[in-house]
Every structure is written in C-alpha cells, then in structure tokens.
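Notes to accompany the following structure.
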Amino acid sequence: MGRKFVVGGNWKMNGDKNQINEIVNNLKKGPLDPNVEVVIGVPAIYLAYVKSIVPDTIGVAAQNCWKVPKGAFTGEISPAMIKDVGADWVILGHSERRTIFGEKDDLVAQKVAHAIESGLKVIACIGETLDEREAGKTEEVVFRQTKALLPAIGSNWDKVVLAYEPVWAIGTGKSATPQQAQDVHASLRNWLSTNASADVAAKVRIQYGGSVTGATAKELAACPDIDGFLVGGASLKPEFVDIVNATQ
Ligand SMILES: O=C[C@H](O)COP(=O)(O)O
C-alpha cells in the first residue's frame, strides 16, 4: 500500500482570530484532495478555537510541547493539554525550536517519546544548516537527528511523520530543488531500513519543508520519496490549497 500524502501547515507565531477565520474558510472552500491528509499547526493559544471551527477531516497540531504531563513548568503546555482541547498532533524538533530555543537532539527525543505515549501523533523535524550542507555534512546531521529519535519512537512509527527541512530553505524563498530533497529523502529511507527496519523505511512518510509554494509543490510532490510537505509562510495563504492538491 502506498504512503498517504500528508501536508502540514505550520502557522508559526502568526494569525489572529480574523486571519484564522479567513484561513479556515479557505480550507473549507477547498476543494481539498480527499486522498491527502491535512494537518494545521496552530499557535497554542488558538488550538481550542481552531478545533471548534475546522472540519474534523483536518488535523490540528500544536507546534511544541513539554516532556511531562503537568507541573511547575511556567509557560509550557503538555501533550495531555493538547489532547484535552481536541488536537491530535504536535510538531516537534522544528529548526526554530532547535536554533532559537536551543533544543538539542536528546530533549527533542524526550518530547517525542512523551507525546507518543500521551496519544499524540508527531511531526518530527530534522534538517541541516547551510554551513553543514556546504561542509558536506547533510547526511551526517540528518542521520544523527533521526538516530536520537529511534528509542523515543520505538515501535510507534505509525504515529510519526518525519519532516526534512533544510534550515537554509526555511523562510528564505530558496527551496531545495526536487533533486536535492529527493536525494536526502532517499538516503534517509535507506538509513532507516538499516537502523530501524525495512518495514519502517517503506512505510514512514517523509515531508519536505522549506519555501514550498503553490508554484513549486507539484514538481517536488512528483519525487518518489517525498510524501508531503510541511509548509510555513504559504500555509497562511490561499495557495495552501494548491499545495495540498499538488499530487492531482
Ligand atoms: O515548518 C515549516 C517550515 O519551517 C517551512 O517554512 P517556510 O515554508 O516558510 O519556508
């Protein structure tokens, strides 16, 4: 069975109720390809609001969470809280969390483990910086970041989507070429067949993220190892519908 295409919209720290209403109305109007899974990553404060207005066919994700259920962690939210307001997903390990907030591989892994054990599905992000790519270290970095996740995911790969997001392509307007993205996705899948299992490698969905637009999505989506997108800026715009429908 083929891997179901999955497109995430990561709104990051954008949107107010007016803009959210516009985005959701646009998604409702679609039409969205029913064969594509759609998940929107919403600022925590709007999770409950978005859940109350979005059709159940669209998944709702938090953009981060903490690694335990509750306690003295001022400013944090837990997977239990995310579930309590009706959301089913969380984005973890985004490069902005890693670079701006200093999240290391082991913390990301702890968050992934706790999110899964709490019943959330996880979009786990990995990707190299420009310096790392230019130093020929893309695979080394992506494999290291993924390796840290292996014990956290265990046998729960069906709850996880990997998002390959080269940091140099995020918010820069400079997407990876389809070949660059395909090459990393293929070598990651190959690495997973050795380090997880052939079954995991065949089944896990790997999204590409980094300056995806309505104009670039079709060519990227045609690559055999690209199973969806994690979209930042364009997920706030009407063209997100075109990105969802990129395989049509
Ligand atoms: O999570 C999404 C990525 O950071 C991509 O953002 P972008 O589409 O604005 O480049």
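Counting convention: from 1, in listed order, for ligands and their atoms alike. Every heavy atom of this structure was used, including side-chain atoms; hydrogens, water molecules and symmetry mates were not.
When only interatomic distances are considered, the shortest N/O to N/O separation between G233 and ligand 1 falls below 3.5 Å. Taking only nitrogen or oxygen atoms, main chain and side chain alike, G232 reaches within less than 3.5 Å of ligand 1. Residue L230 has no N or O atom closer than 3.5 Å to an N or O atom of ligand 1.
Per-residue contacts place G171 under 4.0 angstrom from the following atoms of ligand 1 (heavy atoms of the residue considered): 7 (P), 9 (O), 10 (O). Taking every non-hydrogen atom of H94 and a distance limit under 4.0 Å, the qualifying atoms of ligand 1 come out as 1 (O), 2 (C), 3 (C), 4 (O). Of all atoms in ligand 1, numbered sequentially from 1 with element shown, those under 4.0 Å from a heavy atom of S211 are 7 (P), 8 (O), 10 (O). Residue-ligand proximity, G210 to ligand 1, at heavy-atom distances under 4.0 Å covers atoms 5 (C), 10 (O). Within ligand 1, the atoms closer than 4.0 Å to a non-hydrogen atom of A169 are 10 (O), numbered from 1 in the order shown.
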Practice item. Output, in order, the C-alpha distance, side-chain angles, deciding distance and verdict of salt bridge (Lys or Arg N to Asp or Glu O under 4.0 Å) for E103 and R98. Key: CA-CA 4 Å; E103 295 191 10; R98 291 177 188 265; over 6 Å; no

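When hydrogens are left out, the protein atom nearest atom 2 (C) of ligand 1 is E165 OE2, 3.0 Å; that is the closest non-hydrogen contact.
Atom NZ of K147 sits in a sparse spot, with 12 or fewer heavy atoms from other residues, nucleotides or ligands closer than 6.0 Å.
Linking ILVMFWY side-chain heavy atoms closer than 4.5 Å, directly or via other members, places V54 and V6 in two distinct hydrophobic clusters.
Taking the six-membered ring where tryptophan is involved, the planes of F73 and W66 are tilted, since the angle between them lies from 30° to 60°. Using a 30° and 60° split on the angle between ring planes, Y164 and H185 fall in the perpendicular class, above 60°.
Residue contacts with ligand 1 for I170 involve both N, CA, C or O and side-chain atoms from C-beta outward (heavy atoms, distance under 4.0 Å).
Among all heavy-atom pairs drawn from P178 and L220, the shortest one is CA-CD2, 3.6 Å.
No donor-acceptor contact under 3.5 angstrom links the side chains of Q145 and D105, judged on distance only.
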